[in-house]
Amino acid sequence: MPALPITRKIRLLIVDDSIFFRQALEKGFSGDPRIEVVGTAVDAMDAMEKIKAIRPDVVTLDVEMPKLNGIDFLKKLMPVHPVPVVVVSSAPIRVLDALGAGAVDFVRKPEIKGPDGMKSFMSELIVKVKIASTAHVGKKLSSPSSAFVPLQPLTLSGLAQKDIVIAIGASTGGTEAILEVVKDLPATTPGIVIVQHMPPVFTNMYAQRLDRICKMSVKEAVHGDRVETGKIIIGAGEFHLRLARDAKGYYVRSERGAKVSGHCPSVDVLFDSVATVAKQNAMGIELTGMGADGANGLLKMRQAGAYTVGQDKESCVVYGMPMVAFNIGAVQKQLPLGEIGGEIIRYLNTRR
């Protein structure tokens, strides 16, 4: 992760009903010079009052709490006091609900008991808190001109669809950004391949969630899956996702490997493969996220003749990955998030 500018300390509020866990978090954060724990809360009502009084920069939130759970708390909090929230939980479905309710990111509670598990957990949580401190919450997804405008009909012929693939990459803030882009795409849309930085199990739950909402079918990647019209494939946690092609058309390779650009799955790995395999018959989209994963791959896609789009600063939760891609010349068009779905249709309809 690139170094963040040091100005003042990040003011953090810890919300957890367990006194043991609150104390463990306070101790863990105390060793970082960038973060100051300015308060703790035992439940949602306590947290709401302290957020009003303390005005923290970031909140860590346990999802399972008495009286009012973390999801319902977020739904009450965000409209009146939008603040970056990092959810702490081990339940994938609850995490996804929390992200849908406005949380910026999440960290799984330690799976390994003892000091080693807690040390690894705290290292990840500290990084996520620092990233969250740069996040823009409460952003509108679309520009006023694009809000509530239905997508145009897709007129691309079935024959042409088989040669086209759409690749999307995202990180922090990406679960909801991806949903915004793909939820209304018609079932006749060419195949889409996606990398969203998430751990195992969570990617499968996320794919299932999208499948319930979208008109296209959505699944977590399995090695050898065909990339077909009307299908979205989400890269599995801890498996790189690559596009490949044989006599029948496109398919995916889902394989374990070392982290690339700090991640597995990596957006750069996906985009590199799309640049090599699909060349000019592809569209690449870089969405919100910290860091630079995907920027170099998107540049390779553009150099290979693909059409490339980046999310604009104003609609990003974290304007990192799209910014780097834009700055190195990888992005042909920058758009508000709410316009990118329509741009996919426009691109497909102008294909000949």
Side-chain angles (χ1 to χ4, degrees), residues 151 154-170 174 178 181-196 203 207 210-211 214-236 239-255 265-287 293-311 325 330-333 340-352:
L151 296 183
L154 180 57
T155 61
L156 186 70
S157 71
L159 182 62
Q161 287 183 27
K162 293 181 180 180
D163 289 329
I164 298 174
V165 65
I166 299 160
I168 301 174
I178 290 168
V181 170
V182 304
K183 65 181 181 182
D184 293 323
L185 294 176
T188 52
T189 304
I192 299 176
V193 285
I194 297 175
V195 163
Q196 161 70 42
T203 46
L210 290 186
D211 188 58
C214 297
K215 297 175 182 177
M216 300 178 72
S217 66
V218 187
K219 72 182 301 293
E220 183 186 49
V222 173
H223 189 73
D225 277 342
R226 308 304 304 191
V227 180
E228 300 165 330
T229 297
K231 181 190 288 186
I232 297 172
I233 297 175
I234 308 286
F239 287 76
H240 285 304
L241 183 69
R242 293 179 174 89
L243 185 71
R245 188 166 191 169
D246 58 18
K248 297 179 181 178
Y250 297 123
Y251 67 97
V252 297
R253 293 164 52 199
S254 181
E255 301 162 318
S266 162
V267 183
D268 271 325
V269 168
L270 174 63
F271 285 176
D272 284 356
S273 70
V274 174
T276 300
V277 174
K279 299 181 173 63
Q280 74 276 9
N281 295 317
M283 180 178 184
I285 302 168
E286 184 89 307
L287 300 177
D293 187 28
N296 289 328
L298 196 69
L299 180 60
K300 290 178 182 178
M301 285 186 64
R302 183 175 184 181
Q303 291 169 340
Y307 179 51
T308 59
V309 171
Q311 185 178 347
V331 174
Q332 287 172 264
K333 184 179 285 189
I340 294 177
E343 186 65 13
I344 292 174
I345 299 299
R346 188 204 65 79
Y347 160 76
L348 296 172
N349 284 341
T350 55
R351 296 277 303 176
R352 292 292 183 267

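Here the structure is a predicted model, which means the values were calculated and not measured. Positions are given from 1 along the sequence.
A heavy-atom distance below 4.5 Å is not found between the side chains of D225 and S254. The side-chain heavy atoms of V269 and R242, taken from C-beta on, include a pair separated by under 4.5 Å. Using a 4.5 Å heavy-atom threshold, the side chains of T308 and Q303 count as separate. Counting only heavy atoms from C-beta outward, the side chains of R253 and H223 approach each other to under 4.5 Å. Side-chain contact between I166 and T189 is present, with at least one heavy-atom pair separated by less than 4.5 Å. Between V277 and V165, every side-chain heavy-atom pair lies at or beyond the 4.5 Å cut-off. A 4.5 Å side-chain heavy-atom check between V267 and I168 finds every atom pair outside the cut-off. No side-chain heavy atom of E286 sits less than 4.5 Å from a side-chain heavy atom of V331.
Residues satisfying the ring-ring contact (aromatic ring centres under 6.0 Å, His included) test with Y307, not counting sequence neighbours, are Y347. For the side-chain hydrogen bond (donor to acceptor under 3.5 Å, both in side chains) test, residues two or more places apart in sequence or in another chain that qualify with E228 are K231. With sequence neighbours left out, R245 forms a side-chain hydrogen bond (donor to acceptor under 3.5 Å, both in side chains) with D163, Y250.
Here the shortest heavy-atom pairing between Y251 and G224 reads CB-O, 4.0 Å. When all heavy atoms are compared, the tightest approach of A236 to E220 is CB-OE2, 3.5 Å.
One distance of note links CE of M283 with CG of L348; it measures 7.5 Å at 0.5 Å rounding. Going from atom CD1 of I340 over to atom CD1 of I345 covers 13.5 Å, rounded to the nearest 0.5 Å. Note that the CG atom of D268 and the OG atom of S273 stand 10.5 Å from one another [nearest 0.5 Å]. Rounded to the nearest 0.5 angstrom, I194 CD1 and L210 CG are separated by 7.0 Å. Rounding to the nearest 0.5 angstrom, the gap separating the NZ atom in K219 from the OG1 atom in T203 is 11.0 Å. Atoms CG and CG, from D272 and L299 in turn, are 10.0 Å apart once rounded to the nearest 0.5 Å.
Considering I285, I233, I232 in turn, I232 is the only one that fulfils the side chain to side chain contact (heavy atoms under 4.5 Å, CB included) rule with I192.
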